[in-house]
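Keep in mind that this is a model prediction, so the values were computed, not measured. Both counts, for ligands and for their atoms, begin at 1 and track the order of listing.
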Amino acid sequence: MRTIEMQGTIKRAPTPPKVDLDGPVRFLKGVGPERSKLLARLGLNTLRDLLYFFPRRYENRSPVKKVAELTLGEKECVRGVVISRRLIRTRFGPSIFRVVLGDEEISVEASAETPLLHGTWFNMPYLTKLFEPKAQVVFYGRPEKDGKHLKMVHPEYEIFSEGVATNSPHSGRVVPIYPLTEDLSQKGLRQLAFQTVEECAPLVRETLPSPFLKRLGLKSVHFSLKQLHFPEGREEYKQAYRRLVFDEFFMLQVLIQMKKAKLQKENKAISHSGGQELVRRFIQTLEFELTPGQQKTINDILADMKKGRSMNRLVQGDVGSGKTVVAAAALVFTAANGFQGALMAPTEVLAQQQYFSLARFLEPFGIRCGYLAQNSLPEEKALVLSGLADGTLQVIVGTHALIQENVRFKNLGLVVIDEQHKFGVFQRAALKEKALVSPHFLLLTATPIPRTLAHTLYGDLDISLMQEMPKGRQPIRTLWVGQSKRAEIYQFIDRVIAKGEQVFVVCPAVDAKNLSVKNATESYESIRRIFSHRRVGLLHGRLKSPEKKKIMQDFKEKKIQLLVSTVVIEVGIDVPNATVMVIENAERFGLSQLHQLRGRVGRGPVESSCILFSDAADEETVRRLEAFTSISSGFEIAEKDLELRGAGDIIGARQHGLPELRIGDLVKDAKVLIEARREAIALVEKDPTLSRLENRLLRDAIRRRFASADLKKLTVTA
Ligand code: ADP
Ligand code: MG
């Protein structure tokens, strides 16, 4: 019965509103062409835009005091009556305009014992015309002593010709502060917001049915818009915020779920029916036992690839948790089924290393591996390209070169993206286009992000977590020291090298690439002088590909004992005999980056250390470096990083094609996000295209809200 009723109301549109929410802001009183332009600069073109333009923060401007009640120090609201005003023009200096405000209409003579408030403005002579004697005014400012009176310099003011208004947007309440553009005053914008909320909020149609709102304890959209702009109290604000955040997350999640439903219908499957026996044999020949996390992840992957739909799985595992071998198992599986696999890594150094590890893992099983980078030698390149095209190469490892035009696969079945957080979505999409049908995607990352966030960013990804480290790992001792300890540290390093172990020294990236190289080169020169009896190497991004390869190879073979490097070694490098990581200018690195670097040591059975050089003393850096020395789990580091830096920075939400959110924070409002996602899944399951009558308003709202977003990028299978 209820649905019929609801459908009835939807069909029978109410008498058309006088104001069109999607009409231009010019509709509003006091908005001419000039102001329209300013508003447009903030992206505010329609009344609806204004309504959804939310305050950046609030100021509590209640109560409104009398002059006699003012106290020094805090900003306050005060009401009074204009007793006198005066414009002082100095010949060369500024003009000064002063208004004398009292609690009642009193003559200047009577003011001797009454406290008065002087409002003072510099270079605003036109104010004289506004402040008529006896006018009621409200000031908001910081009261200061002015002889035996008080003063406020450049207070915000309101003037009422007919008594003090009881419902002002600017005083006597919690007042919104909006993000501004030049030439648009806070007060003007607030006035507009007030007017818009009063006139337009009641016209916004509820997109969610009331039983739904009731079940989730959500307030009406009308109430929420009103309270978010001009909250009557903390509780009202919270309810309003929750409703509007829910709306935004819910619409986004519905959209994601609709895309997912559509993709699953269209997705042509690559069938992986056999080949498990080979994977089993592969695992048996490993010289170590898989961790439970690795085992479970491999099971997840095989199950996905057999399903007849393409896999989209993200593997989150801390640095050193052993993601490569998991990728190898997936590659064995795809090869056993007669398909090719590609692994893309973000840097050449890492790609080379992955190539060596994978070739070592896979070639004993008759799986041929190749390597491709931008500056591979032409004849090597040609060989690899023809091998991929005719299918004689089964696995290719490389950098962005893999997504270049001239790479053709015979039958690409699996794409593995290592350190996927380093890649944009475009690059993933480009690899997909190399395949005839949707390949399976396996994404590896050492940057754990909360699951709900991952679901939002990656749309329809499934996630595997690898929480434990392989057995026998030693904890890494982390030390933060100043320059004064350099000699001592160098002695320590020398003892380590004497034991046959190896050392990294990493220099920070400087804005200009050349400078980072210079930085590392200088460090290298000085270290080489000090460690003249040791074999010291230098690695940076400017080196030619074969040189890089040689240096990494030399380091692996212990021909180099001490490797000075830029952050090219940040991700993935695996040399278990390296036991000391020295990080120069550690203050230049973010937490996650530090963690990645530290993960380059502690990979063997010997105790390792990470030494941070930094003399920075600012509070933020101290907090970060101290956190780093005391936290070892990558998951905790990621959480701390989120806390210190906020979500946007870390995940680069824009890069993921996520539309900009108007309200709400993917991390702080995770609880609402989870709720919204759950409801969205349920809704789309019932009505995958939102074509039912009761969902039409929602569908329209989603279209309107996300019309401009680049939604093609939003899903991982794109
Ligand atoms: P990451 O997850 O950082 O990519 P890697 O795949 O590079 O880690 O693995 C780190 C090191 O741990 C490698 O030397 C790898 O051979 C080794 N390793 C991987 N899994 C295990 C395991 N289950 N037991 C022991 N060592 C392992
Ligand atoms: Mg790795």
Side-chain angles (χ1 to χ4, degrees), residues 279-280 282-299 301 313-332 343-362 364 395 397-399 416-423 442-448 463-476 501-502 504 552 555-558 567-579 581 592-606 608 610 632-635 637-638:
V279 178
R280 208 179 50 78
F282 163 72
I283 291 171
Q284 272 174 356
T285 55
L286 291 172
E287 60 223 29
F288 45 74
E289 211 175 297
L290 294 178
T291 65
Q294 285 172 319
Q295 187 62 64
K296 164 98 182 25
T297 305
I298 292 174
N299 291 346
I301 292 170
R313 185 167 288 278
L314 176 73
V315 177
Q316 294 191 338
D318 204 348
V319 191
S321 60
K323 295 184 288 292
T324 309
V325 65
V326 167
L331 289 165
V332 168
L343 182 141
M344 185 159 78
T347 66
E348 229 176 284
V349 173
L350 181 57
Q352 273 171 5
Q353 174 191 284
Q354 293 294 57
Y355 166 68
F356 288 124
S357 326
L358 287 173
R360 195 164 48 89
F361 280 137
L362 304 178
V395 168
V397 182
T399 58
V416 183
I417 305 208
D418 197 14
E419 307 293 347
Q420 83 85 29
H421 55 283
K422 296 268 166 187
F423 287 101
L442 179 64
L443 313 173
L444 311 178
T445 183
T447 308
I463 297 177
S464 296
L465 272 183
M466 304 208 310
Q467 256 164 331
E468 59 287 272
M469 285 289 168
K471 280 198 202 102
R473 289 282 159 84
Q474 298 278 342
I476 303 168
E501 295 162 25
Q502 290 162 284
F504 288 109
M552 277 318 294
F555 192 60
K556 277 207 156 152
E557 290 167 6
K558 305 187 193 175
V567 284
V568 290
I569 60 140
E570 180 193 353
V571 288
I573 298 300
D574 184 38
V575 181
N577 192 53
T579 59
M581 166 62 68
S592 296
Q593 215 180 2
L594 286 172
H595 183 67
Q596 282 283 341
L597 286 169
R598 179 166 60 185
R600 299 307 117 224
V601 296
R603 299 184 152 240
V606 186
S608 298
C610 175
S632 61
S633 137
F635 288 85
I637 293 260

For A446, is the nearest heavy atom under 4.0 Å from an atom of ligand 1?
no
Residue portion contacting ligand 1 (non-hydrogen atoms closer than 4.0 Å) for [X]:
{"X": "D318", "value": "backbone"}
{"X": "T324", "value": "both"}
{"X": "Q294", "value": "side chain"}

Sub-3.5 Å donor-acceptor pair from the side chain of E468 to the main-chain atoms of G293, do we have one?
yes
Under 3.5 Å, side chain of Q354 to main-chain N/O of A345, donor-acceptor pair present?
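Checked: no pair found.
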If you count the non-hydrogen atoms of other residues, nucleotides and ligands that lie under 6.0 Å from NZ in K556, is the total more than 12?
yes
Considering the heavy atoms of [X], write down every atom of ligand 1 situated less than 4.0 Å from one of them.
{"X": "P470", "result": "20 (N), 21 (C), 22 (C), 24 (N), 25 (C), 26 (N), 27 (C)"}
{"X": "T291", "result": "23 (N)"}
{"X": "E289", "result": "22 (C), 23 (N), 24 (N)"}
{"X": "V319", "result": "3 (O)"}

In terms of its nearest heavy atom to atom 8 (O) of ligand 1, the top option of G322, A328, G317 is G322
For K558, what residues pass the side-chain hydrogen bond (donor to acceptor under 3.5 Å, both in side chains) criterion, not counting sequence neighbours?
none
So CD of Q593 and CD1 of I637: to nearest 0.5 Å the spacing works out to 12.5 Å
T579 versus E501, closest heavy-atom pair with distance
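What the structure gives for the nearest pair is OG1-OE1, 2.7 Å.
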Shortest non-hydrogen contact from L442 to A330?
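Minimum heavy-atom separation between L442 and A330: CD2-CB, 4.0 Å.
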Any N/O of P576 closer than 3.5 Å to an N/O of ligand 1?
no
